[in-house]
Structure formats: C-alpha cells, structure tokens
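Remember, predicted model here, so these are calculated numbers, not experimental data.
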Amino acid sequence: MGKDLEKLVEKEIAKGSTPLSFESISIDADSYKDIDSREKLIDVLQYLLRVRKYRKLLWNDALAANNVYMDVFLGNTDFHRAPLFTDRNAIFQRINWHGGKLKPDYNGKTVVETAKCVFSISAENLEKCKRLYNGKESYSFYFGKNQIRLLYADCLEGRKAIATGEVQTSMVEGKYSEILRLNDDFIRAVLFQALILDDLKVEGGLVTANLHSIFLLR
C-alpha cells in the first residue's frame, strides 16, 4: 500500500500539488498543555475543527480540506478530511459525544500535545507558492487527497519513532514523559487527533505544521 500511495502522490504532484516531503517531528516541554475544564476542552475542539467562533480563522473554507481529523462514528474510529463546514461541525458533535462517554478527568489527566512536523521543499517550488494577501507576503499550498494521506502517515510514523526512542527530542519530564513514550499503562485513551495543514508556517526554507493529540490519562 505504501508504494502504491507514493505513486499516486507522484501523479498528483505532476498535476500541480505542492511537492512537500516529510523531514522530522519534534516535541519539547512546551508541547504539552493541561485541559482543566470541560469548557476549555470544548474550546480546543472548536479551534482545531474551525467551527463556531473559530470558523473565521479560515478566509476560505476550502483550506480546511487539507486537514486530517480523527472521527468516531458508531463506535469506530477513523481519520479523514472534512472539506465542508458541515462535515467539521458533525465531527465536533461526535467527538463531544464520545468525550461524554469517556468522562475526561480535568484534574491534570486531560492533556493536549502539539508536535511540530517539518517538511522540506525546494527553494524554486517554495518561490512558486508565494502570494500577496492583504498587502503582505504569504504562501499558498495545494495538496492532493493522496498526498495529504501520505503526509499524515509520515507524521504518525515520526511520532511513533519518538515514542520508541528512535528519534531523539528535547527533555520532557513527569507525566509528559509517559505521554511522550505513548505508554499504554499511563494513557487511557486518545480523545481526538488532528493534523492541521491549513495554517502552514515557513521557517528557514522549511514548512511546518502541527499534529495535535488530546490524551486522557489513567
């Protein structure tokens, strides 16, 4: 499946998809934030899904088609894109319901992790992505659906490599070190996960995005 997916991505890039390649993923002490109330959890979910008051973060709803979201439907967990606002709002409702069943503990046992994913792109192709938006220099990226699947899979593999120690990252202490290692004896459930590609940053010729995971601890 991996080689087949790579071939599909090559075809999408040949047709105009932005040729990003996964380079690395990093986590440090600042990557973790405790969610200390249901209100805060709802706010984080709405922000990640770009719904309710956070819908205005997208000047064009089509940008959200780049994001990959965890969804729960009839007890089954899936990961997919949500191009329409109605799709994202439906995911929000289902995750909210799912969270009600899992009963998060807000006394230091509900944590959001933000892992920084780094992608490379040639200087020539990055230059082609430059745009002016409201008088300011910006970038516009286009990704095919298979390319998004591959970028997400690469980020997950990178996250697993951190957990197993194959990839070294900054020192993380306490309960966060257990989350870093994805310790099943410490993590009760993953309530939600999202790779946000609608707000890519360009830093030193590299492109960065965030992989967010909300963990419920035992």
Side-chain angles (χ1 to χ4, degrees), residues 25-117 148 151-152 155-156 159 162-163 172 174-184 186-201 208-218:
I25 185 170
S26 63
I27 295 173
D28 57 31
D30 293 332
S31 299
Y32 294 100
K33 302 293 181 186
D34 285 7
I35 297 176
D36 57 9
S37 68
R38 173 168 170 74
E39 290 72 26
K40 182 62 176 177
L41 174 61
I42 293 299
D43 189 67
V44 170
L45 290 174
Q46 289 179 357
Y47 169 75
L48 294 177
L49 284 157
R50 304 333 194 199
V51 296
R52 310 298 170 87
K53 66 180 179 180
Y54 293 110
R55 185 178 182 182
K56 61 186 178 183
L57 289 175
L58 299 175
W59 62 270
N60 183 338
D61 263 351
L63 290 173
N66 290 340
N67 301 334
V68 180
Y69 293 113
M70 173 182 165
D71 196 2
V72 177
F73 187 68
L74 297 178
N76 296 315
T77 300
D78 188 21
F79 295 87
H80 59 81
R81 298 184 305 143
L84 303 177
F85 168 76
T86 51
D87 296 334
R88 302 194 306 278
N89 195 55
I91 293 175
F92 168 71
Q93 298 292 349
R94 287 192 287 269
I95 295 297
N96 193 18
W97 170 83
H98 183 58
K101 290 187 65 179
L102 292 175
K103 295 181 172 56
D105 182 341
Y106 300 109
N107 294 307
K109 293 191 175 183
T110 301
V111 179
V112 59
E113 174 192 273
T114 301
K116 181 179 179 181
C117 302
I148 291 171
L151 292 176
Y152 177 62
C155 290
L156 289 188
R159 179 62 185 88
I162 288 179
V172 177
K175 67 182 179 184
Y176 304 131
S177 66
E178 300 295 338
I179 300 175
L180 182 75
R181 296 191 297 112
L182 299 179
N183 185 349
D184 287 337
F186 196 79
I187 297 172
R188 176 163 65 94
V190 178
L191 175 61
F192 187 63
Q193 188 175 69
L195 175 62
I196 303 299
L197 295 171
D198 68 34
D199 185 28
L200 293 170
K201 301 291 192 302
T208 66
N210 289 326
L211 174 67
H212 303 272
S213 306
I214 299 177
F215 294 102
L216 304 184
L217 309 183
R218 298 188 189 280

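Side-chain atoms of Leu84 and Asn89, non-hydrogen and from C-beta on, never get closer than 4.5 Å to each other. For the pair Ser213/Val112, no side-chain contact is recorded, criterion being any heavy-atom separation below 4.5 Å from C-beta on. Proximity of Gln193 to Leu211: side-chain heavy atoms (C-beta onward) are separated by under 4.5 Å at one or more points. Between Val44 and Phe192, the closest side-chain pair of non-hydrogen atoms is not below 4.5 Å. Contact check for Ile187 versus Glu178: no side-chain heavy atoms found under the 4.5 Å cut-off. At least one side-chain heavy atom of Asp71 sits under 4.5 Å from a side-chain heavy atom of Arg94. Phe79 has its side chain out of reach of Leu156: every pair of non-hydrogen atoms, C-beta onward, lies at least 4.5 Å apart.
For Ala64 against Arg88, the heavy-atom pair with the smallest separation is CB-NH1, 3.3 Å. Closest approach of Ser177 to Gly174, counting heavy atoms only: OG-O, 2.6 Å. Heavy atoms only, all atoms of each residue included: Val111 and Leu217 are closest at CG2-CD1, 4.1 Å. Between Ile25 and Cys117 the shortest heavy-atom distance is CD1-SG, 3.9 Å. Ile35 and Tyr106 get closest at one heavy-atom pair: O-CD2, 3.5 Å. Between Met70 and Leu191, the closest heavy-atom pair is CE-O, 3.5 Å.
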Would you check, one step at a time, whether the test side-chain contact (heavy atoms from CB on, under 4.5 Å) holds for Arg38 with Asn96?
CA-CA 10 Å; Arg38 173 168 170 74; Asn96 193 18; 2.9 Å; yes
Might you work through the side-chain contact (heavy atoms from CB on, under 4.5 Å) test for Ile148 and Val68, ending with a clear yes or no?
CA-CA 8 Å; Ile148 291 171; Val68 180; 3.4 Å; yes
Check the pair Leu195 / Asn67 against side-chain contact (heavy atoms from CB on, under 4.5 Å), numbers first and verdict last.
CA-CA 6 Å; Leu195 175 62; Asn67 301 334; over 6 Å; no
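Taking CD1 of Ile27 as the start and OG1 of Thr114 as the end, the distance is 9.5 Å to the nearest 0.5 Å. With rounding to the nearest 0.5 angstrom, the CG atom of Asn210 is 11.0 Å from the CD atom of Glu113. Going from atom CD1 of Ile162 over to atom OG of Ser26 covers 6.5 Å, rounded to the nearest 0.5 Å. The structure places OG1 of Thr110 at 6.0 Å from CG of Asp105, a figure rounded to the nearest 0.5 Å. Taking CZ from Arg188 and NZ from Lys103, the interatomic distance works out to 9.5 Å, rounded to the nearest 0.5 Å. Rounding to the nearest 0.5 Å places CG of Asp87 at 15.5 Å from CZ of Phe92.
Within 6.0 Å of atom CZ in Phe85, more than 12 heavy atoms from other residues, nucleotides or ligands are found, so the atom counts as buried in its surroundings. Within a 6.0 Å radius of CZ in Phe73, no more than 12 heavy atoms belonging to other residues, nucleotides or ligands are found.
Under a 3.5 Å cut-off, the side chain of Asp28 and the backbone N or O of Ser31 do form a donor-acceptor pair. Arg55 places no side-chain N or O within donor-acceptor distance of the main-chain N or O of Gln46, the cut-off being under 3.5 Å.
For the residue pair Tyr69 and Asp78, no side-chain donor N or O sits within less than 3.5 Å of a side-chain acceptor on the partner. For the 3.5 Å distance criterion, the side chains of Asp198 and Asn66 fail to qualify, holding no donor opposite an acceptor.
Under the side-chain hydrogen bond (donor to acceptor under 3.5 Å, both in side chains) criterion, Lys201 pairs with Asp199, not counting sequence neighbours.
Between Asp34 and the options Lys175, Lys40, Lys109, a side chain to side chain donor-acceptor pair (under 3.5 Å) holds for only Lys175.
Remark: Arg52 fails to qualify as a cation-pi partner of Tyr54 under the 6.0 Å distance and 45° angle criteria applied to the six-membered ring.
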